[in-house]
Amino acid sequence: MGDGNGVNGDLNANLSCQTTGDPLLDKAVQQWLTWDKNGRTRAQVEALLAESGGWTSCGPGSPYAVRKFGAAAGVMITASHNRKEDNGYKVYWCTGAQICSPHDKEILRSIEEQLQPWSASCWEEEQAERCSLRTDPLHDVNRCYMEELSSLCLHRDLNSRCPLKFVHSSFHGVGHVFVQQAFRTFGFAPPIPVPEQRDPDPNFSSVRCPNPEEGASVLELSLRLAERENARIVLATDPDADRLAVAEQSAGSGWKVFTGNELAALLGWWMLFSWKERHPQAADTQQLYMLATTVSSKILQTFARIEGFHFEETLPGFKWIGKRMHELAKTGNHVIFAFEESIGFLCGSMVPDKDGVSAAAVVAEMAAYLHNQNLTLHQQLHNIYRTYGYHVSKTSYVICNDPPTVQKIFSRIRNFDGAGSYPKTCGGHNILHVRDVTTGYDSSQPDRRSVLPVSKGGQMISFTLQDGVVATLRTSGTEPKIKYYTEICAAPGNSDISGLEEELRSVTRSLVEEFLEPERNNLIRRFV
């Protein structure tokens, strides 16, 4: 029996008397405790509430209450989010593409209307294991995927004779088995796996950052293994295997880690070359498309202008590419390549999403073909730039942990020389056009309205400068970062690479210093 002081009495009754000082939070906490039948997560919330007599002793808004609020919110978010063992799940629409507006808003509305669990059995995780209706579609899906993947392979005989050796890192994710199978589908010997990173490990124990976008600094184990095995090419898929990083060793010049934009130039060229091989008599490219996100290199746009096919940009995020692919397919058009600069590629139109597994196999075949022509990937990249013009780009970020500061930075840009006035120069370069996707403004359009959909959920402003320079500032949707993207697109025949790189460095430096003001705004610069 209880003793009336809450020590041995009804814990729920005791907890229900405690208050955070915030009625909305009180309601959410009590609702959670009413619904939560998972002993582990429920105990965490109860322990936080019971600690030090709850929150009634500290008063609304006190530092202690705020700390407790943060702790409780963290537990509830953790409990309702993927466990680290389950990271990598995505939600797709019936089109096969990831959900985007308006579907995401409708899904959220439906969730909010059905918050209460249907029954206590929903919390019995073991019930799924016992259910007779439970099936595992992985085998059949994987078989169909590999069969369709073979349609991207043009040179199986050449691949089977290829003397090149490849190293592959799965970055502690799920890519190992599927990349091995993809290589066999293309006729290659399987790549040499990095043993420390081959198997899934949600703690990512061998890397400080499980993101191959960071380049050589996180590819150390892969590069060392490749040197020991005399392998010239390293492939690395990120933990959920939808992104692909590539590095190539050149005699006497060390390792070249390709940027996402450089890989897109290679893969875009290869996919167009392959399409022409499959369709030697087809002169009409009017139903042929390549897509890229708006913060990515304009190299595909240059390809399209010279080669006569179509190119379109989308908002950042592969879900927008997938959505546009579906719309184009309905009118008989065909997307042969799509990418985002953050090493996300889609070769062909197998799935309306980025895919590191198929991209790895296609890169291997391209490398084998070029090797047979006595060319490396890096040499071919320069051949492409000599033909279509050098496209030199830079992508980086600063960290801002204070949302009001982010708002202040972008508000200043929108009112740079007075209310409603954007900057007119950057580092001495005239700004020809400004596009602000957050507000829907685009000075290059007759009606001053952005062709891309308005995206009020984040900040994104692009500047078109003289001399073929494009620069974009945008916030990340998942991290406290302000990202910046700059590119200089030179005309064919301009081979002054060092001059182009210096000009881009100067513009990028001015973009960051003049518009973001890192020191004044206490921004943390990227350090790799």
Donor-acceptor contacts, no H, no angles, side chain residues 163-173, under 3.5 Å, sequence neighbours left out:
residue: Lys165; atom: NZ; partner: Glu229; partner atom: O; Å: 2.6
residue: His168; atom: NE2; partner: Thr237; partner atom: OG1; Å: 2.9
residue: Ser169; atom: OG; partner: Phe171; partner atom: N; Å: 3.1
residue: Ser169; atom: OG; partner: Gln197; partner atom: OE1; Å: 2.5
residue: Ser170; atom: OG; partner: His176; partner atom: N; Å: 3.0
residue: His172; atom: NE2; partner: Ser206; partner atom: N; Å: 3.1
residue: His172; atom: NE2; partner: Ser206; partner atom: OG; Å: 2.6

Okay, side chain of [X], backbone of [Y]: is any donor-acceptor separation there less than 3.5 Å?
X: Asn203; Y: Ser205; value: no
X: Asn521; Y: Glu517; value: yes
X: Thr486; Y: Thr472; value: no
X: Glu248; Y: His378; value: yes
X: Glu487; Y: Lys298; value: yes
X: Ser150; Y: Thr185; value: no
X: Asp355; Y: Leu346; value: no
X: Thr135; Y: Pro137; value: no
X: Ser296; Y: Ala292; value: no
X: Asn142; Y: Leu138; value: no

[X] versus [Y]: any side-chain heavy-atom pair under 4.5 Å?
X: Cys400; Y: Pro480; answer: no
X: Tyr390; Y: Ile488; answer: no
X: Leu370; Y: Thr376; answer: no
X: Val362; Y: Glu365; answer: no
X: Leu473; Y: Leu516; answer: yes
X: Met366; Y: Phe273; answer: no
X: Lys319; Y: Lys323; answer: no
X: Thr438; Y: Phe410; answer: no

[X] with [Y]: basic N within carboxylate O range, under 4.0 Å:
X: Arg509; Y: Glu513; result: no
X: Arg243; Y: Glu340; result: yes
X: Glu519; Y: Arg525; result: yes

Grab the two heavy atoms, one from [X] and one from [Y], that are nearest each other, plus how far apart they are.
X: Ser274; Y: Leu154; result: O-CD2, 3.8 Å
X: Leu244; Y: Leu235; result: CD1-CB, 4.1 Å
X: Leu315; Y: Ser455; result: CD1-CB, 4.3 Å
X: Ala241; Y: Val174; result: CB-CG2, 4.2 Å
X: Ala182; Y: Leu149; result: CB-CD2, 3.5 Å
X: Ala338; Y: Phe318; result: O-CZ, 3.9 Å

Starting at [atom1] of [X], measure out to [atom2] of [Y] and round the result to the nearest 0.5 Å.
X: Leu152; Y: Ile336; atom1: CG; atom2: CD1; answer: 11.0 Å
X: Met146; Y: Ser358; atom1: CE; atom2: OG; answer: 9.5 Å
X: Asp353; Y: Met325; atom1: CG; atom2: CE; answer: 9.5 Å
X: Ile524; Y: Ile482; atom1: CD1; atom2: CD1; answer: 11.5 Å
X: Phe339; Y: Thr293; atom1: CZ; atom2: OG1; answer: 6.5 Å
X: Cys347; Y: Lys354; atom1: SG; atom2: NZ; answer: 14.0 Å

Quiz item: Taking only residues two or more places apart in sequence, or in another chain, which ones meet Lys256 in a salt bridge (Lys or Arg N to Asp or Glu O under 4.0 Å)?
Solution: Glu262
Quiz item: Arg505: what forms a salt bridge (Lys or Arg N to Asp or Glu O under 4.0 Å) with it, not counting sequence neighbours?
Solution: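 Only Glu502 meet the salt bridge (Lys or Arg N to Asp or Glu O under 4.0 Å) criterion with Arg505.
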Quiz item: Does the pair Gln249 and Val234 meet the rule for a side-chain contact (heavy atoms from CB on, under 4.5 Å), with working shown?
Solution: CA-CA 9 Å; Gln249 188 175 38; Val234 162; over 6 Å; no
Self-check item: Check against side chain to side chain donor-acceptor pair (under 3.5 Å), Gln380 and Asn383
Solution: CA-CA 5 Å; Gln380 178 59 20; Asn383 289 340; 3.2 Å; yes
Quiz item: Yes or no on side-chain contact (heavy atoms from CB on, under 4.5 Å) for Met460 and Thr294, after CA distance, side-chain angles and deciding distance?
Solution: CA-CA 10 Å; Met460 186 168 75; Thr294 189; 3.8 Å; yes
Practice problem: Only counting residues at least two apart or in another chain, list the ones meeting ring-ring contact (aromatic ring centres under 6.0 Å, His included) with Tyr484. | Solution: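 By the ring-ring contact (aromatic ring centres under 6.0 Å, His included) rule, Tyr484 matches no residue at all.
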Quiz item: Any chance CZ of Arg520 has more than 12 other-residue heavy atoms, nucleotides or ligands included, within less than 6.0 Å?
Solution: no
Exercise. Go through Lys481 and Arg474 one step at a time and tell me if the side-chain contact (heavy atoms from CB on, under 4.5 Å) criterion holds.
Key: CA-CA 8 Å; Lys481 294 177 179 178; Arg474 67 178 283 255; over 6 Å; no
Self-check item: Worked verdict on Val246 versus Ile343 for side-chain contact (heavy atoms from CB on, under 4.5 Å)
Solution: CA-CA 9 Å; Val246 179; Ile343 60 173; over 6 Å; no
Quiz item: How far apart are the C-alpha atoms of Asn261 and Glu341, what are their side-chain angles, what is the distance that settles it, and do they pass the side chain to side chain donor-acceptor pair (under 3.5 Å) test?
Solution: CA-CA 5 Å; Asn261 287 333; Glu341 57 77 33; 5.4 Å; no
Quiz item: Under 30°, 30 to 60°, or over 60°: which ring-plane class applies to His155 and Tyr369, parallel, tilted or perpendicular?
Solution: tilted
Self-check item: Residues which pass side chain to side chain donor-acceptor pair (under 3.5 Å) with Lys483, listed by chain and number, not counting sequence neighbours
Solution: none
Quiz item: Of all residues at least two apart in sequence or in a different chain, which pass the side chain to side chain donor-acceptor pair (under 3.5 Å) check with Arg324?
Solution: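 Residues passing side chain to side chain donor-acceptor pair (under 3.5 Å) with Arg324: Glu312, Glu327.
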Quiz item: Is a side-chain donor-acceptor pair under 3.5 Å present for Glu227 with Trp255?
Solution: yes
